[in-house]
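A quick write-up on the structure given underneath.
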Amino acid sequence: MDKNEFEQFLHRQIPVTKAMEFRVLEFTASRVRISAKLEPNRNHHLTAFGGSISCLMTVTGWALVYANIMEIDPNAHIVISKSNIRYLKPLKKDFTAECVLTNEADKINLFKMYNKNNKGKLSVKVYCYEDGFLAAEFEGQYVAFNNDKD
């Protein structure tokens, strides 16, 4: 699935991402970048709403897990099990979140757990930028599972 196909998939499966004008800039098993426009995500201070930043970062992490787990099970479900965000500065313009798989061993462990138990987890870090400046940091743990497998 290329970035355009994934963006269409994302907008169908998680409709709020279309309303929030999320655009997929990069979608690979090693890196996901998704941008958001300020206007549909602004608050009363004319800066990005914290919930929108959280949503963008959560979806970006989810997308990286999706890009990886689809390699072994296209019917897997992915949910977030826990997360933490640090907001570092207000966002006054369009913004971008990026998630990079930095440790191949984490992916191997996800696959091992998933193949053994039909369930695996992956922790990721996501960074949110405005004009190249770091504005927020996110850590999340995602669980991939398939209750329908024998």
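- Considering all non-hydrogen atoms of both residues, Glu7 and Val24 come closest at OE1-N, 2.8 Å.
- Closest approach of Ala36 and Asn41 over heavy atoms only: CB-ND2, 3.9 Å.
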Report the C-alpha separation of Cys55 and Met20 in whole Å, then their side-chain angles, then the decisive distance to 0.1 Å, and conclude whether the side chain to side chain contact (heavy atoms under 4.5 Å, CB included) test is met. CA-CA 9 Å; Cys55 183; Met20 297 172 84; 3.8 Å; yes

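- With contacts defined as side-chain heavy-atom distances shorter than 4.5 Å, the pair Leu122/Lys107 does not qualify.
- When all heavy atoms of Ala136 and Met57 are compared, the closest pair comes out as O-CE, 3.5 Å.
- Ile80 and Val124 fall within a single hydrophobic cluster, where Ile, Leu, Val, Met, Phe, Trp and Tyr side chains are chained together by heavy-atom contacts under 4.5 Å.
- No more than 12 heavy atoms of other residues, nucleotides or ligands lie within 6.0 Å of CZ in Phe49, so this atom counts as exposed by the packing criterion.
- A continuous path of Ile, Leu, Val, Met, Phe, Trp and Tyr side chains, each step under 4.5 Å between heavy atoms, connects Ile78 with Ile14, placing both in one hydrophobic cluster.
- Once rounded to the nearest 0.5 Å, the distance linking NE2 of His77 with CG of Asn75 reads 7.5 Å.
- In the hydrophobic clustering of ILVMFWY residues, with side-chain heavy atoms under 4.5 Å counting as a link, Met1 and Ile69 come out together.
- Residue Asn43 comes nearest to Ala48 through the heavy atom pair ND2-O, 3.6 Å, listed as atom of the first residue, atom of the second, then distance.
- When side chains are defined from C-beta on, His11 counts as touching Arg23, because their heavy atoms get closer than 4.5 Å.
- Within the model, atoms CG of Asp94 and CD of Glu21 stand 8.5 Å from one another, a figure rounded to the nearest 0.5 Å.
- Across all their heavy atoms, Leu101 and Asn68 have their closest contact at CD2-OD1, 3.9 Å.
- Annotation: the span from Leu110 atom CG to Ser123 atom OG amounts to 10.5 Å, rounded to 0.5 Å.
- Atom CD of Glu26 sits about 5.5 Å away from atom CZ of Arg31, to the nearest 0.5 Å.
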For residues 82-92, which side-chain donor-acceptor pairs fall under 3.5 Å, sequence neighbours excluded?
| residue | atom | partner | partner atom | Å |
| --- | --- | --- | --- | --- |
| Arg86 | NH1 | Glu137 | OE1 | 2.8 |
| Tyr87 | OH | Gly50 | O | 3.1 |
| Lys89 | NZ | Glu130 | OE1 | 3.0 |

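- A heavy-atom distance below 4.5 Å is not found between the side chains of Phe6 and Lys3.
- To the nearest 0.5 Å, atoms OG1 (Thr17) and CZ (Arg12) are separated by 10.5 Å.
- No donor-acceptor distance shorter than 3.5 angstrom exists from the side chain of Tyr142 to the backbone of Ala63, with no hydrogens or angles considered.
- If you take CZ on Phe22 and CG on Leu10, they are separated by 8.0 Å, rounding to the nearest 0.5 Å.
- Val16 and Phe95 fall within a single hydrophobic cluster, where Ile, Leu, Val, Met, Phe, Trp and Tyr are joined by side-chain heavy atoms under 4.5 Å apart, directly or via other members.
- Not a single donor-acceptor pair under 3.5 Å links the side chain of Asn146 to the backbone N or O of Asn118.
- Taken together through direct or relayed side-chain contacts under 4.5 Å among Ile, Leu, Val, Met, Phe, Trp and Tyr, Leu25 and Phe133 form parts of separate hydrophobic clusters.
- Nearest approach of Val100 to Leu64, heavy atoms of both residues: C-CD2, 4.2 Å.
- A distance-only check finds no donor-acceptor pair linking the side chain of Thr96 to the backbone of Tyr129 [under 3.5 Å].
- Looking only at distances, a side-chain donor or acceptor of Glu5 sits under 3.5 Å from a matching main-chain atom of Asp2.
- Between Tyr66 and Phe27, the ring-plane angle classifies as tilted under the 30° and 60° cut-offs.
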